[in-house]
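Read the structure below first, then the notes.
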Amino acid sequence: MLKQTNYLTKVYGLPDGWTLPVYERESHGYEAARRALTTMSPADVVTEAKKANLRGRGGAGFPMGVKWSFMKPHAKKPAYLVINADEGEPGTHKDRTLMERNPHAVVEGCIIGCYAIGAHVAYIYVRDELHLSKERLWQAIREAKEKGFLGQTPFGKDYAVDVFVHTGAGAYICGEETSMLNSLEGRRGEPRLKPPFPAQSGAFGCPTTVNNLETIAAVPTAFLLGCEDFSKLSAIHTLNDGGVRLFGVNGHVNKPGVYECAVGLTLRELIYDLGGGITGGKALFAVIPGGSSTPVLRAEETVNAPDEKSPAHPWHGKSVLDVPLGVDTFRSLGTMLGTCCATVMAEGTDPVAAFHNLMQFYRHESCGQCTPCREGSGWLSRIADKLLAGTCSMQELDSLYDIASNIMGNTICAFGEGTAMPALGFLKKFRGEFEAYVRGERSGRDARLNIGSAV
Amino acid sequence: MTFALTPERERELVEILARYPTEHSKMAACIPALHLCQDQIGWCSDEVVTFVASRLDLPAAHVKGVVTFYSLFNQRPVGKHQLWVCRTLPCALRGAGEVLAHCEKRLGIKAGETTADGAITLRTAECLASCSTAPMIQVDKVYHENLSLPQVDTILDRLQKG
Ligand SMILES: Cc1cc2nc3c(=O)[nH]c(=O)nc-3n(C[C@H](O)[C@H](O)[C@H](O)COP(=O)(O)O)c2cc1C
Ligand code: SF4
Ligand code: FES
């Protein structure tokens, strides 16, 4: 269901929309934080937060309130809130808009989040390339401090909160939460084995909550509306997937961009109503629903969910384009909602070249700690090279399955799955095109997606 | 040649150190400190590594390990300006390949190389969170989005002039 909203994005595009006076005037800025800190206990805040059914916006869709409830006070150690603004998943371009255009929502969310989990310090981990984002966040922090919303006694409450921006230095893997914590501590961004989970031992060995940047930026809205009412804005809140979120669309559409809508929007609405349809009036070929790690869908696919218990069952037999974009609905389609930014490919797009482009990305970004991931991502990308060069045998094509399957479940972090799942997805959905390359009926020498990996 | 931060950057480093819990602050400041050094001379030379190690009481091997892990830390000198063309699928679907080819042709170098006059290092980048305004390039600290080839020319003209 298409229901555009403007809670998170009301100040987008307004003159000085990123400044405190505009945030206060247009978005009831800092009212939610003031109310939380001055009228509620931290436990109340967590209880309320759970009602929002706010599923983590970083990719895995874990419920935000439940994550907060994992934080238990420690006798000696402080707690930390760490905000993930590494935004590196290919096809994802939403967090950046919040940092640049509505940074106060992030800062206000951090105040509420810190209070809820017993932290006095929040670090916002921003990828280094986003210089404007960092600048806007710092400015928002300064403004909030001057007003007394941050610091020793926010809103007069004796509960100190400080927010700092920390930057990486160019590594996709630092978006993985434990890698990010290592990077925050000044180390190589290599993921840590879990357990311990961040809630037990995170930043500086202390209990830590990691929330995605959009997740935390949505918190003030949820509290302003009341978390239950916020949840009910969603057409699929009964699936515990509540509220509003940012939907991105990129690739072959007429109006690529970031649109705020109630949860429940479908891919068809995102691509045709918001995205303005396919470039050049072409037909839709395929969609990657939420970042390159989420398995691709073909335009003509229908839902196969005969089991009544499946979250996608109500859409059984219908087009996948008509299923609400939700965490559980999309998992039931055999893919994932991921970061909810869709990459659209029009007819004529070469799926083998698209696969090649992405496999180069994963080979480049594997941190190299685990053999199946380090070697597997290399093999996948080398076979993709051979496919495009026309030198891949049928046997090698078949070995793609084994290589990808061997990565699954055999690695320290979910980067492994994030590489294997899209590889298997492309293979399954486009087997015919892959075989055509092997038989020499197609060739990739002029494929425009064939750009060498980052140098 | 030894390396030291300018007084202004040194002040910034002191501010940075105060952001982290005291007993962890020197290690936590490692990446920000390397950024400050690289801002000053363009790359993370051995002297920079030695400086950061001694300034933050860290083993040089740790600092070196950090430098080699992160792709934005330059391990050799680069051009006066760095230009990254995003190469990843969403940008590629909207013409990143043409933008890259155009830059390579105009500058007479391949991605990964620096022009003979040392003015421009041309690089490719993985997704820069700008996919809905593709194709895009990053020049030093600034994004240029929704690019047409004439716009790329304007950017290159400006960089080549100075
Ligand atoms: C390889 C990899 C990259 C990731 N990149 C990001 C990222 O850029 N931003 C993000 O918020 N989460 C990213 N995540 C997910 C985080 O590990 C973590 O689940 C998330 O930040 C939690 O926030 P949320 O619960 O609010 O979604 C990544 C995960 C993996 C495995
Ligand atoms: S799965 Fe890959 S990225 Fe993750 S820790 Fe292992 S080698 Fe590193
Ligand atoms: S693919 Fe180029 S910015 Fe995302």
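Worth knowing before you read on, the calculation uses all heavy atoms, side chains too, and leaves out hydrogens, waters and symmetry mates. Per chain, numbering begins at 1; letters A, B, ... match sequence-line order.
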Can you tell me which portion of B:Gln138 sits under 4.5 Å from chain A's heavy atoms? Options are side chain, backbone, both or neither.
side chain

For A:Gly291, does its backbone N or O pair with a side-chain atom of A:Thr294 as donor and acceptor, under 3.5 Å?
yes

Heavy-atom side-chain contact between A:Phe415 and A:Ser366 under 4.5 Å:
yes

Are the charged groups of B:Asp157 and B:Arg106 less than 4.0 angstrom apart, N to O?
yes

Has the side chain of A:Asp86 got a donor or acceptor atom that lies under 3.5 Å from a matching backbone atom of A:Glu176?
no

Any residue of residues 60-72 of chain B which, by heavy atoms, sits under 4.5 Å from chain A
B:His62, B:Gly65, B:Val66, B:Thr68, B:Phe69, B:Tyr70, B:Ser71, B:Leu72

Determine yes or no for a side-chain-to-main-chain donor-acceptor pair under 3.5 angstrom, with A:Asn357 supplying the side chain and B:Leu89 the backbone.
yes

Tell me whether A:Ser179 contacts the main-chain N or O of A:Gly189 through its side chain, where contact means a donor paired with an acceptor under 3.5 Å.
yes

Heavy-atom closest pair, residues A:Ser133 and A:Glu100
OG-CG, 3.5 Å

When the 4.5 angstrom heavy-atom criterion is applied to A:Ser292 and chain B, the contacting part is neither

Please give me the minimum heavy-atom distance between A:Gly13 and A:Arg101, naming the atom from each residue.
N-CD, 4.5 Å

Tightest non-hydrogen contact, residues B:Cys131 and A:His93, listed as CB-CD2, 3.7 Å

Greatest number of non-hydrogen atom pairs under 4.5 angstrom with chain A, of B:Tyr143, B:Trp84, B:Phe73, falls to B:Tyr143

Among A:Gly91, A:Gly368, A:Gly248, A:Ala171, residue most engaged with chain B (heavy-atom pairs, under 4.5 Å)
A:Gly91

Proximity breakdown for A:Cys206 and chain B, heavy-atom pairs closer than 4.5 Å
neither

A:Phe361/A:Tyr172 aromatic ring centres below 6.0 Å
yes

Atom of B:Ala96, atom of B:Cys86 and distance for their closest heavy-atom approach:
CB-O, 3.2 Å

Close contacts, residues 112-124 of chain B versus chain A, judged by heavy atoms under 4.5 Å:
B:Gly112, B:Arg123, B:Thr124

State whether the side chain of A:His252 and the backbone N or O of B:Leu93 hold a donor-acceptor pair below 3.5 Å, judged by distance alone.
yes

Take B:Val142 and B:Asp140 through the test side-chain contact (heavy atoms from CB on, under 4.5 Å) and record every step on the way to the result.
CA-CA 6 Å; B:Val142 179; B:Asp140 299 325; over 6 Å; no

Donor-acceptor check, side chain of A:Thr339 to backbone of A:Gly290, threshold 3.5 angstrom: yes or no?
yes

So, the part of A:Phe204 with a heavy atom under 4.5 Å from chain B: the answer is both

Proximal to chain A - members of residues 27-55 of chain B, heavy-atom separation under 4.5 Å:
B:Met27, B:Ala28, B:Cys30, B:Ile31, B:Pro32, B:His35

Within residues 6-25 of chain B, residues adjacent to chain A where the heavy-atom gap is under 4.5 Å
B:Arg19, B:Tyr20, B:Pro21, B:His24

Chain B: which of A:Met345, A:Lys94, A:Glu190 shares the most heavy-atom pairs with it under 4.5 Å?
A:Glu190

What distance do A:Thr208 atom OG1 and A:Tyr123 atom OH have between them, rounded to the nearest 0.5 Å?
10.0 Å

Which atoms of B:Ala134 approach chain A - backbone, side chain, both or neither, heavy atom under 4.5 Å:
neither

Would you confirm whether A:Lys145, through its side chain, and A:Gly151, through its main-chain N or O, come within 3.5 Å as a donor-acceptor pair?
no

Would you please test A:Thr9 and A:Tyr259 for side chain to side chain donor-acceptor pair (under 3.5 Å) and show each step?
CA-CA 8 Å; A:Thr9 52; A:Tyr259 302 93; over 6 Å; no

Kindly give the heavy-atom pair with the smallest separation between A:Glu87 and B:Ala129, and that separation in Å.
OE1-CB, 3.6 Å

Given a strict heavy-atom distance threshold of 4.5 Å, which part of A:Leu132 is in contact with chain B: side chain, backbone, both, or neither?
neither

Taking only Lys NZ, Arg NE, NH1 and NH2, and the carboxylate oxygens of Asp or Glu, determine whether A:Arg96 and B:Glu145 approach each other closer than 4.0 Å.
yes

Can you confirm whether A:Lys77 is buried at NZ, in the sense that more than 12 heavy atoms of other residues, nucleotides or ligands lie under 6.0 Å from that atom?
yes

For A:Glu185, is it the side chain, the backbone, both or neither that has a heavy atom under 4.5 Å from a heavy atom of chain B?
backbone

Using every non-hydrogen atom in the two residues, find where B:Glu104 and B:Ala111 come nearest and quote the distance to one decimal.
OE2-N, 2.9 Å

Between B:Leu128 and chain A, with a heavy-atom cut-off of 4.5 Å, which part of the residue counts as in contact: side chain, backbone, both or neither?
both

Most heavy-atom pairs under 4.5 Å with chain B, out of A:Pro78, A:Ser183, A:Ala354, belong to A:Ser183

Counting heavy-atom pairs under 4.5 Å with chain B, which one of A:Val249, A:Leu130, A:Val121 comes out on top?
A:Leu130

For A:Asn250 and A:Thr343, which I'm curious about, is there any donor-acceptor pair between the side chains at under 3.5 Å?
yes

Tell me, for A:Glu89 versus chain B, whether the close heavy atoms (under 4.5 Å) come from the side chain, the backbone, both or neither.
backbone

So, the part of A:Thr167 with a heavy atom under 4.5 Å from chain B: the answer is both

NE2 of A:His364 to CD1 of A:Ile173, rounded to nearest 0.5 Å, is 13.0 Å

If we ignore angles and hydrogens, is there a donor and acceptor under 3.5 Å between the side chains of B:Thr88 and B:Glu126?
yes

Under 4.5 Å from a heavy atom of chain B, the part of A:Val163 involved
neither

